[in-house]
Enquirer: 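Here's a structure for you.
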Amino acid sequence: MADLPLQKIAISGPTLASLIQRFSFSPGAVDGLLFGHVTHITPSNLSDDFPSTTTPTSDSSPLVATVTGFICSGTINSFYDSTGRIDSQALNRLLAGSDQHRTLIGWFSGRRKTQLRPSIREFCVSASLSLKTDLSIPIVDNPIAANLASCVFILFGTPFLDQPIHTHEYRGYQFRTLARSFEPKSIDIVNIGPAFRGNYGSFSPNSPFPLLPCELRTSPMSEDRNDESLGQRKQVSKIQRELDVCAQGLEVGELSKLMGSQAMNYTSGVEDMYEKMLAKIENLASLVEKSSANVLEQENHNRKLKSKIARFPAME
């Protein structure tokens with residue numbers, strides 16, 4: 001069996017949530033088996049122009065192990081003994097309860113309030129599992145290559161201290177058979193399907209931005225109506241004039257020049273328009289501030305006059 005390195009471990013969001021849910025509702029520590037497949041990552045340089053270039057798969061392409069399912073035993077030592085040696089009969093019973101077409105790629109362990117690093121027993125279980133040649137993992141898109149060992153291991157844990165928010169921690173590893181060691185691997189939570197993740201290596205838009213009409217007009221459906229009243233047309237033209245006044249002489253229809261080859265020349269005029277509008281808003285704000293101060297001063301003056309009148313004796 002080959003001992004090729006994995007770049008990462010991928011798992012879908014629902015699968016990870018279901019796995020964490022089984023661990024959180026169990027009375028104690030749990031373990032189980034992981035199923036999935038190993039594929040090459042095909043780097044693609046996609047664009048919105050055809051044809052898109054795709055790099056063909058090669059033996060040197062990085063590998064990703066995708067977890068598609070699991071079996072949770074609800075306890076520990078479900079397919080191994082206390083020393084970490086695989087119990088073939090117990091393992092076959094677990095595999096018999098799963099889909100025969102699924103490929104075993106590793107296993108997982110869930111422990112509460114412990115360090116998030118593999119223990120010696122978990123090391124021995126992974127080493128024993130990787131030596132079983134009948135459980136080797138074929139590379140899906142490269143059947144000629146040698147199979148990999150069942151080497152994926154995911155460890156789940158909870159924080160040492162009790163927290164108001166219930167959290168779970170997890171970490172993925174690959175057991176390397178030649179080096180006989182765990183290598184930490186990043187876990188990608190895939191929510192759009194594993195088949196699509198390799199298609200978004202890089203993307204560059206090349207098509208020109210389409211010219212969009214910015215003119216204010218009625219819908220074609222309303223224009224085709226024979227019973228359209230003259231008052232509605234006048235109302236539309238009135239709105240058009242009001243918008244032109246707010247735009248400081250720049251008609252709304254001319255805003256279409258912001259897209260296309262004339263955008264660079266037309267941008268300066270729009271910026272000047274915004275500067276004038278900001279200056280008007282600033283002047284308006286200062287006028288409102290002054291008028292508010294005058295109103296407050298007048299209210300204080302009226303209050304003083306009322307207090308003076310209240311001190312005079314009432315005339316009989």
Side-chain angles (χ1 to χ4, degrees), residues 1-13 15-36 38 62-87 90-91 94 104-132 135-137 148-190:
M1 291 182 292
D3 190 24
L4 301 176
L6 296 175
Q7 186 185 51
K8 60 183 178 180
I9 300 171
I11 184 172
S12 66
T15 302
L16 179 61
S18 178
L19 212 160
I20 292 177
Q21 190 267 345
R22 292 293 301 274
F23 169 50
S24 61
F25 281 90
S26 63
V30 297
D31 59 25
L33 303 177
L34 298 174
F35 301 93
V38 176
L63 295 173
V64 55
T66 304
V67 179
T68 58
F70 67 93
I71 290 180
C72 183
S73 63
T75 181
I76 58 174
N77 301 346
S78 60
F79 59 94
Y80 54 90
D81 56 18
S82 58
T83 61
R85 290 179 298 185
I86 298 298
D87 186 350
L91 180 61
L94 286 177
L104 180 68
I105 64 173
W107 70 295
F108 69 92
S109 177
R111 297 188 260 110
R112 300 180 186 276
K113 297 184 179 181
T114 57
Q115 291 288 344
L116 202 66
R117 59 171 177 260
S119 64
I120 297 178
R121 179 185 299 174
E122 292 164 349
F123 174 86
C124 295
V125 173
S126 297
S128 300
L129 195 63
S130 63
L131 294 177
K132 296 183 71 64
L135 298 177
S136 59
I137 312 171
L148 295 177
S150 300
C151 52
V152 175
F153 174 66
I154 300 180
L155 179 60
F156 294 87
T158 57
F160 279 98
L161 301 177
D162 294 332
Q163 297 180 354
I165 300 176
H166 190 68
T167 60
H168 289 85
E169 300 175 350
Y170 53 89
R171 185 172 297 172
Y173 298 90
Q174 178 190 6
F175 183 80
R176 303 299 299 273
T177 55
L178 296 180
R180 294 187 63 82
S181 62
F182 279 111
E183 284 188 2
K185 298 296 178 180
S186 61
I187 298 180
D188 277 4
I189 302 176
V190 182

Enquirer: Identify the heavy atoms of Gly36 and Thr68 that sit nearest to each other, and give their distance.
Expert: CA-OG1, 3.4 Å
Enquirer: Does some side-chain heavy atom of Leu91 sit less than 4.5 Å from a side-chain heavy atom of Leu129?
Expert: yes
Enquirer: How far does OG of Ser26 sit from CD of Gln21, to the nearest 0.5 angstrom?
Expert: 9.5 Å
Enquirer: To the nearest 0.5 Å, tell me how far Leu63 CG sits from Gln7 CD.
Expert: 9.0 Å
Enquirer: Go through the steps for Val64 and Asp188 under the test side chain to side chain contact (heavy atoms under 4.5 Å, CB included), then give the verdict.
Expert: CA-CA 10 Å; Val64 55; Asp188 277 4; over 6 Å; no
Enquirer: Asp81 vs Asp87, test: side chain to side chain contact (heavy atoms under 4.5 Å, CB included). Steps then yes/no.
Expert: CA-CA 7 Å; Asp81 56 18; Asp87 186 350; over 6 Å; no
Enquirer: For Ile105 and Ile137, which heavy atoms make the closest approach, and how far apart are they?
Expert: CA-CD1, 3.5 Å
Enquirer: Answer yes or no: is there a side-chain heavy-atom contact under 4.5 Å between Val125 and Ile86?
Expert: yes
Enquirer: Quick one: does any side-chain atom of Glu169 pair with a main-chain N or O of Gln115 as donor and acceptor, under 3.5 Å?
Expert: no
Enquirer: Can you list the steps and then say if Ser119 with Arg121 is a side-chain hydrogen bond (donor to acceptor under 3.5 Å, both in side chains)?
Expert: CA-CA 5 Å; Ser119 64; Arg121 179 185 299 174; over 6 Å; no
Enquirer: Is the backbone N or O of Asp31 less than 3.5 Å from a side-chain atom of Ser73, with the two atoms forming a donor-acceptor pair by type?
Expert: yes
Enquirer: Could you tell me whether Arg112 sits above the aromatic face of Phe23, with NZ or CZ closer than 6.0 angstrom to the six-membered ring centre and within 45 degrees of the axis?
Expert: yes
Enquirer: Kindly indicate, with the supporting measurements, whether the criterion side chain to side chain contact (heavy atoms under 4.5 Å, CB included) is fulfilled by Leu34 and Leu19.
Expert: CA-CA 10 Å; Leu34 298 174; Leu19 212 160; 4.0 Å; yes
Enquirer: May I ask you to decide if the ring planes of Phe182 and Phe123 are parallel, tilted or perpendicular, using 30° and 60° as cut-offs?
Expert: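 Ring orientation of Phe182 relative to Phe123: perpendicular.
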Enquirer: Distance from Phe70 atom CZ to Ile154 atom CD1, nearest 0.5 Å?
Expert: 10.5 Å
Enquirer: Please examine the side chains of Arg176 and Ser130, heavy atoms only from C-beta on, and report whether any two atoms are closer than 4.5 Å.
Expert: no
Enquirer: Please work out whether the ring planes of Phe153 and Trp107 are parallel, tilted or perpendicular, with thresholds of 30° and 60°.
Expert: tilted
Enquirer: Less than 3.5 Å apart, any donor N or O on the side chain of Thr15 or Ser12 sitting next to an acceptor on the other?
Expert: yes
Enquirer: How close do Ser78 and Leu94 get, heavy atom to heavy atom, and via which atoms?
Expert: OG-CD1, 3.9 Å
Enquirer: So with a 6.0 Å cut-off around CZ of Arg22, is the heavy-atom count from everything else above 12?
Expert: no
Enquirer: Atom CG of Leu116 and atom CZ of Phe156: how far apart are they, to the nearest 0.5 Å?
Expert: 9.5 Å
Enquirer: Working to the nearest 0.5 Å, report the span between CG of Leu135 and CG of Leu104.
Expert: 5.5 Å
Enquirer: Could you state the interatomic distance from OH (Tyr173) to OG (Ser181), rounded to the nearest 0.5 Å?
Expert: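 So the OH of Tyr173 and the OG of Ser181 are separated by 12.0 Å.
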Enquirer: Step by step, work out the side chain to side chain contact (heavy atoms under 4.5 Å, CB included) result for Arg111 and Leu155.
Expert: CA-CA 8 Å; Arg111 297 188 260 110; Leu155 179 60; 3.3 Å; yes
Enquirer: Measure across Ile187 and Gly172 and return the closest heavy-atom pair with its distance rounded to 0.1 Å.
Expert: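 Nearest heavy atoms, Ile187 then Gly172: CD1-N, 3.5 Å.
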Enquirer: Of all the heavy-atom pairs spanning Lys113 and Pro159, show the shortest one and how long it is.
Expert: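 For Lys113 versus Pro159, the nearest heavy atoms are CG-O, 3.2 Å.
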Enquirer: Looking at side-chain heavy atoms only, is the closest gap between Val38 and Leu6 below 4.5 Å?
Expert: yes
Enquirer: What is the minimum heavy-atom distance between Val190 and Ala10, and which atoms define it?
Expert: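 Here Val190 and Ala10 meet closest at CG2-CB, 3.9 Å.
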